[in-house]
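Notes follow the structure.
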Protein chains: 2
Amino acid sequence: MTATIRDVADRAGVSVATASRVLTASRKVSAELAARVNEAARSLGYRHNAVARALRRGTTNTVGMIVPEIGNPFFPAIVEAVERHLQGKGRDLFLCDAQQDIAIERHRVLALLGRQVDGLIIVPVSATASRASLEEAAQRTPVVQVDRYVEEYPADWVGVDDDLGIGLAVEHVASLGATNVVFVSALLESSSARQRHAGFERTMRRLGLPIGSQQLLGDFRAEWGRTAALQILARKPLPHAVVCGNDEIAVGVLGEFRRQQVRVPEDILVTGFDDIRFAALADPPLTTVRQPHEQLAAECIRLLDARMVDGDTPVQRIAIAPSLVVRESTGGHS
Amino acid sequence: MTATIRDVADRAGVSVATASRVLTASRKVSAELAARVNEAARSLGYRHNAVARALRRGTTNTVGMIVPEIGNPFFPAIVEAVERHLQGKGRDLFLCDAQQDIAIERHRVLALLGRQVDGLIIVPVSATASRASLEEAAQRTPVVQVDRYVEEYPADWVGVDDDLGIGLAVEHVASLGATNVVFVSALLESSSARQRHAGFERTMRRLGLPIGSQQLLGDFRAEWGRTAALQILARKPLPHAVVCGNDEIAVGVLGEFRRQQVRVPEDILVTGFDDIRFAALADPPLTTVRQPHEQLAAECIRLLDARMVDGDTPVQRIAIAPSLVVRESTGGHS
DNA sequence: ACACAAGGGGTAAACGTTTACCCAAACAGC
DNA sequence: GCTGTTTGGGTAAACGTTTACCCCTTGTGT
């Protein structure tokens with residue numbers, strides 16, 4: 001089929017060693033031979049076989065990344081930032097989607113590991129059930145977790161301080177006079193869900209606000225936001241504010257409120273989390289907690305590089321403080 | 001580091017051939033030996049090296065996919081559908097982002113080809129400039145294009161009939177009385193942009209409507225929608241309708257109109273294209289042209305499989321007719 | 001003239017699998 | 001008891017690279 005290095009060597013009338021040396025510039029070769037080899041390679045349309053190279057070298061100049069669900073717009077944003085940071089070093093990124101399923105996640109981990117990626121960036125599906133996959137990955141290649149992490153297993157992580165972030169949102173609505181606040185988020189499966197939930201309770205308690213049965217937990221999707229909004233409307237009185245676990249949920253909540261003629265922010269305040277591209281374009285524009293993609297990606301690559309250089313470097317968990325972006329959904333002006 | 005099949009064979013006291021046969025179930029092996037081998041593999045934590053296997057077998061059970069920009073929510077939706085359709089056959093999908101850059105796209109193509117993917121699904125960045133990459137890919141592995149295609153190069157494609165789709169949108173607003181219609185879309189780089197643009201002009205002409213300088217072309221992002229909206233407002237009179245090249249643009253247009261106190265649909269009609277998740281949640285909910293993800297993905301995999309079975313099967317271009325989803329941005333009720 | 005280093009070429013072994021080929025034993029049919 | 005087939009094992013070659021090692025030539029300093 002496609003030409004091998006042996007074909008190139010034959011046509012150039014040199015040994016495969018020389019051909020290889022020319023093509024990878026791994027050693028000095030006389031100008032004349034180099035020209036012959038390059039010409040041969042060009043005329044044959046030679047492309048090196050990365051598989052063979054990987055087998056021999058044991059390294060691939062590729063990093064793998066696994067996200068829980070590519071359809072959640074927060075993840076593509078992170079992926080783009082990571083890509084940009086990988087760009088400089090000429091490394092490739094192979095991305096996989098775990099479809100929110102730990103069995104698929106495991107499959108993807110094994111697929112990437114088997115393909116000898118030089119490192120793995122993972123946003124684990126579950127704070128507990130993803131442990132086996134993570135553990136296996138970590139003992140075979142450098143791994144760093146982003147955004148979400150696996151509990152009780154020491155592996156590098158970089159993310160935003162979810163607890164603090166939700167705190168900012170709660171404090172914000174409280175400062176606007178809200179005392180009856182409901183929290184709409186996802187079931188406590190992922191670390192993000194857990195941390196944000198914990199942050200909500202802690203802050204409410206700190207501010208002396210009642211918690212009661214004010215928590216609706218489903219998943220991180222807009223559809224759940226709609227459902228939750230209906231549940232909120234079903235039981236009177238209307239709370240003062242809805243703090244959402246992420247922007248998708250918040251957008252769903254806003255959509256349903258609009259449909260039900262509930263005015264935001266006049267009748268009720270709404271906040272999100274992540275600051276996805278769409279948050280600023282929602283109606284009303286969404287007050288949210290911004291995740292600094294670029295910084296996250298930068299730290300992530302830094303950690304990965306550090307661990308690639310020295311696998312025994314101490315485990316780090318880097319929590320970056322997020323910031324609140326006030327928009328009209330809590331009365332801010334845009 | 002990690003155990004090889006030789007380690008397993010040694011520990012089980014068999015030859016590597018037998019070990020391989022047990023582990024891949026490629027030939028009958030006595031129950032007793034099989035048990036010994038499996039136990040050895042288990043206790044050593046053996047994982048087959050996919051790189052070595054790929055080199056030997058020349059096949060990887062993996063398909064690669066390249067999208068122009070993972071941040072555009074239409075692509076993740078397609079990716080998810082493709083994943084679902086790949087699921088059954090246990091094949092892995094490695095996804096790459098071309099960052100709207102044909103140089104990066106080329107790099108990704110080569111990376112995937114070099115890794116011996118069994119097939120490639122690509123949404124080419126450019127209708128013309130992606131040709132070299134596509135051509136190279138096509139002569140090395142089965143390739144199918146989705147959504148966008150490269151012009152003047154025969155390769156399988158499956159997508160929606162963009163031309164027809166825009167026609168539906170234009171006819172719809174025309175049926176509501178619009179005669180002054182402006183088209184906001186992307187520069188004519190990708191086939192989608194070209195087809196949709198052509199569809200707009202053709203339909204306008206067919207309906208006897210004036211085209212004039214009613215076309216604003218930028219890129220497929222919301223930010224451009226905002227800018228375009230401002231340009232539209234700058235020159236009076238306000239047109240009757242804005243037909244957008246995709247939903248992201250439309251959402252940007254809606255956002256800016258809202259900010260500028262222009263009422264949709266009362267003052268002006270707006271339509272999008274794609275029916276991304278967010279379209280139904282925009283304010284007002286967006287009338288748009290729906291792309292049938294599942295069908296696209298199903299056809300895509302079907303084409304890929306066909307070509308994997310027989311590389312000489314005739315090239316097919318499958319255009320699926322999209323449908324119009326009427327929502328409030330053109331006065332529909334939700 | 002001689003020792004010695006440097007430059008530039010080739011040979012062949014590795015990387016970890018899978019599999020074509022070979023062979024011994026067991027077994028069936030007569 | 002003999003032949004032919006099936007079953008289940010091993011040996012070693014391949015997949016396409018890279019690179020350790022070796023060797024010959026040439027240049028250089030004395």
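Naming: A, B, ... by sequence-line order, numbering from 1 per chain.
When each of B:Gly13 and B:Arg57 is assigned the nucleotide of DNA chain D bearing its nearest heavy atom, the one mapping closer to the 5' terminus is B:Gly13. Toward the 5′ end of DNA chain C lies the nearest nucleotide of A:Arg27, the other residue of the pair B:Tyr46 and A:Arg27 mapping further downstream.
From one end of the helix from C:dA1-D:dT30 to C:dC30-D:dG1 to the other, with five pairs defining each end axis, the axis direction shifts by 40° (rounded to 10°).
The closest side-chain heavy-atom distance from B:Trp157 to B:Val144 is not below 4.5 Å. A heavy-atom distance below 4.5 Å is found between the side chains of A:Ile301 and A:Arg91. Side-chain contact between A:Arg317 and A:Val158: absent, with no pair of heavy atoms (C-beta onward) separated by less than 4.5 Å. Side-chain contact between A:Ile102 and A:Val125 is present, with at least one heavy-atom pair separated by less than 4.5 Å.
Residue A:Val14 is in sugar-phosphate contact alone, with no base atom involved, counting any heavy-atom pair closer than 4.0 Å across all strands shown. Among the atoms of the strands shown, only primed sugar atoms or phosphate atoms (P, OP1, OP2) are found under 4.0 Å from some heavy atom of B:Ser30. Among the heavy atoms of the strands lying under 4.0 Å from B:Thr24 are primed sugar atoms or P, OP1, OP2 only; no base atom is included. Residue-level contact check: A:Thr4 touches the backbone only, with heavy atoms under 4.0 Å from sugar-phosphate atoms and none from bases.
Checked against A:Ile122 for a side chain to side chain contact (heavy atoms under 4.5 Å, CB included), the options A:Val109, A:Val150, A:Val146, A:Leu112 give a single hit: A:Val109. When each of A:Asp312, A:Asp156, A:Thr313 is checked for a side chain to side chain donor-acceptor pair (under 3.5 Å) with A:Arg307, only A:Asp156 meets the rule.
Side-chain to base pairing of B:Arg21 with D:dG10: one donor and one acceptor N or O lie within less than 3.5 Å of each other. A donor N or O paired with an acceptor N or O is not found under 3.5 Å between the base of D:dT17 and the side-chain atoms of A:Arg53.
Enclosure of atom NE2 in A:His48 by more than 12 non-hydrogen atoms of other residues, nucleotides or ligands within 6.0 angstrom is indicated.
Contact annotation: A:Ser15 side-chain N/O to C:dG10 OP1/OP2 distance is under 4.0 Å. Contact between the side-chain N/O atoms of A:Thr18 and the OP1/OP2 oxygens of C:dG9 is not found at any separation under 4.0 Å.
If you check C:dA13, C:dG16, D:dG9 against the side chain of B:Arg56, the one that comes closest is C:dG16. Nearest nucleotide to the side chain of A:Ala17, out of C:dA12, D:dG9, C:dG9: C:dA12.
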